[in-house]
Chemist: 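Structure provided below as structure tokens; questions to follow.
Computed over heavy atoms, backbone and side chain alike; hydrogens, waters and symmetry mates excluded.
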Protein chains: 2
Amino acid sequence: MMDDELLAVRVAELYYDENKTQDEIGGLLGISRWKAGRLLAQARESGIVRIEIVHPRARRLAMERALRDSFGLADAVVVPTPENELGVQARVAQAAADFLTSLRPVPRVLGVSWGRTLTDVSERMPEGWATGVTVVQINGGVSLNRRPGTASTLASTIAQRANGHAILLPSPAILERLATKKAIESDRTVAAVLERAVEANAYLYSAGVVDANSAHVESGYLRPDDMEELARRGAIGDVVGRYIDANGNIVDPALDERTLGISLDTLRSAAMAILVVAGTAKHDIARAVVTSGLCTVLITDEATARALLEDS
Amino acid sequence: MMDDELLAVRVAELYYDENKTQDEIGGLLGISRWKAGRLLAQARESGIVRIEIVHPRARRLAMERALRDSFGLADAVVVPTPENELGVQARVAQAAADFLTSLRPVPRVLGVSWGRTLTDVSERMPEGWATGVTVVQINGGVSLNRRPGTASTLASTIAQRANGHAILLPSPAILERLATKKAIESDRTVAAVLERAVEANAYLYSAGVVDANSAHVESGYLRPDDMEELARRGAIGDVVGRYIDANGNIVDPALDERTLGISLDTLRSAAMAILVVAGTAKHDIARAVVTSGLCTVLITDEATARALLEDS
DNA sequence: CCCCCGACTGCTCATGTGAGCACACACGCA
DNA sequence: TGCGTGTGTGCTCACATGAGCAGTCGGGGG
């Protein structure tokens with residue numbers, strides 16, 4: 001066969017652009033119907049024919065399969081990274097909202113963390129996405145945040161749109177003193193929430209990075225030099241307020257003791273823990289979470305997924 | 001149906017990325033096999049699914065059809081414009097070479113013009129593209145050109161690779177005086193070539209633009225201020241050395257009289273006249289040629305084709 | 001109130017398509 | 001030369017797919 005590739009191009013053109021049948025193409029190019037078919041398959045495989053699904057809500061199923069296999073996840077959702085690099089979080093948040101909406105069985109109790117990403121997710125939940133879901137906050141809130149109440153409105157929004165109700169955790173994320181934390185934790189109102197939190201059917205959370213403009217610093221729970229110290233100790237980022245290293249281990253036990261919310265072990269042993277994470281900055285923390293078994297479901301963008309798969 | 005589009009995306013993903021069968025998809029998404037099929041067709045139509053043939057030799061068959069219909073061409077070849085904008089001519093030249101190679105019936109006598117584009121075409125003709133084709137030069141050569149002999153080597157190359165022979169036109173393109181032109185034209189050697197030229201089965205030529213670094217200026221046939229004058233008179237570009245306006249009419253009859261080669265009417269009444277034209281600069285001259293019936297076959301790039309179709 | 005119209009659905013049936021198979025041919029090795 | 005091997009070809013057959021069609025539903029207009 002002299003120039004197979006060129007012929008494959010002709011076949012692909014006639015098939016896809018002109019939608020001729022393989023038989024017609026065969027007749028037209030003087031080859032058998034089967035040869036045309038084989039050339040076509042070859043063209044698709046070798047990438048001469050590229051089939052692309054261009055839609056904001058489109059997913060990358062091949063990568064999802066790879067992620068599930070590589071990290072033993074129950075499920076994975078990968079959305080294409082948009083060109084402008086800014087809409088990534090929006091895309092991923094939308095994907096998370098879609099995932100929750102079509103999740104079966106519908107979780108009766110959903111544990112949620114807080115942060116910019118999850119706020120975005122909450123706003124994208126469609127009205128009536130489920131009926132009667134109880135949303136529990138799983139770690140301390142952001143009452144000190146400049147935009148007050150984001151943590152609580154986030155949970156409330158998700159709950160309301162499912163005609164359910166939210167159970168909020170009336171506590172800071174990190175306490176200054178261990179004693180205070182113990183005291184708050186044993187308070188009836190707080191303890192009751194935590195009890196519901198560990199019983200959740202599913203957890204939805206994001207992850208933060210060790211960075212001076214983290215929500216923890218912005219909210220005043222940690223100071224910039226605390227961050228530097230954490231980084232020095234090998235912290236990669238945080239999950240439900242708890243700072244971990246590349247292996248998913250707690251970096252600073254003393255600090256962790258003062259952090260109020262469900263434990264990482266609760267997350268690890270959960271039937272369903274959904275991590276929503278987007279953007280280049282979060283590649284490392286995403287890897288840490290995924291490799292240390294903290295999530296069963298990963299929802300992310302294509303670039304992050306590729307980064308995870310590259311060195312698995 | 002609440003959100004048809006989103007469903008179409010899911011179907012497309014499962015069909016193209018996961019190659020599930022439409023029946024499987026139906027079962028998976030809780031819709032009938034036929035609905036899945038219809039959604040798929042819809043997704044392709046609405047552009048959610050984009051099927052692209054990425055190959056230097058790929059063509060744009062839909063545009064070719066449109067060009068044939070709009071301008072009454074016998075045939076048209078449109079190649080995708082590459083990203084770098086520089087390889088356009090190479091792509092189009094390759095397409096022209098391919099077109100000639102697979103042209104049936106094989107022309108016994110092929111009339112050729114000269115220029116950068118055609119030189120490119122000649123170099124891309126495959127060895128043994130045909131057998132025994134006589135290649136005739138149809139307009140005056142470029143003996144004064146800095147790279148001497150391009151016009152003749154171009155014709156010779158095409159002829160040699162078809163195991164045929166070239167008939168060269170031993171004359172300048174434009175003569176300084178009408179008397180000289182008449183004299184040369186009536187010379188036996190020149191007249192004989194022109195006789196063969198008008199008998200050609202097919203013509204292959206390109207087009208030039210009215211510009212100070214045109215090959216005509218570079219070769220010394222015209223001066224920069226001649227060009228300005230031509231532009232002032234409404235000249236768009238030249239075809240086989242003859243300058244025309246947007247309607248395909250000769251701009252300067254006196255100049256045209258001094259130009260040696262086949263007439264535009266010969267071209268217009270030819271059974272096959274193949275115009276090879278590439279690049280943004282040549283959109284206008286391409287339009288003039290195509291609308292005034294100077295060619296029966298157009299070989300060009302996608303951007304040029306689009307420009308032609310936009311205001312037809 | 002009913003009826004008509006259009007959009008949508010799920011079907012039948014003809015056609016298009018891919019997996020698997022037998023053969024043919026060219027090549028390298030004994 | 002004879003033999004295996006591997007690639008490429010055209011076939012059969014089962015399955016996937018699209019065109020066309022009748023039934024259904026819902027929303028205006030008489």
Chemist: Looking only at side chains, do B:D301 and B:T304 share a donor and an acceptor under 3.5 Å apart?
Modeler: yes
Chemist: Could you run down nucleotides 14-20 of chain C 5' to 3' and tag each one B, S or - for protein heavy-atom contact under 4.0 Å?
Modeler: --SBB--
Chemist: Is A:R65 salt-bridged to A:D69, cutoff N-O under 4.0 Å?
Modeler: no
Chemist: So does A:S32 get a side-chain nitrogen or oxygen closer than 4.0 Å to the phosphate oxygens (OP1/OP2) of D:dT9?
Modeler: no
Chemist: What is the distance from CG of B:L14 to P of D:dA16, rounded to the nearest Å?
Modeler: 16 Å
Chemist: Among side-chain atoms of B:H55 and A:E5, is any donor-acceptor pair under 3.5 angstrom?
Modeler: yes
Chemist: Output, in order, the C-alpha distance, side-chain angles, deciding distance and verdict of salt bridge (charged side-chain N to carboxylate O under 4.0 Å, His left out) for B:R306 and B:E302.
Modeler: CA-CA 6 Å; B:R306 193 173 299 123; B:E302 192 179 349; 2.7 Å; yes
Chemist: Starting at CG of A:N19 and ending at C1' of D:dT17, how long is that distance when rounded to a whole Å?
Modeler: 14 Å
Chemist: Are A:Y16 and A:R44 close enough that a side-chain donor and a side-chain acceptor fall under 3.5 Å?
Modeler: yes
Chemist: Determine, for B:R60 against A:D17, whether the closest basic-nitrogen to carboxylate-oxygen distance falls under 4.0 angstrom.
Modeler: no
Chemist: Taking atom C1' of C:dA7 as reference, at what distance in whole Å does atom NZ of B:K35 sit?
Modeler: 11 Å
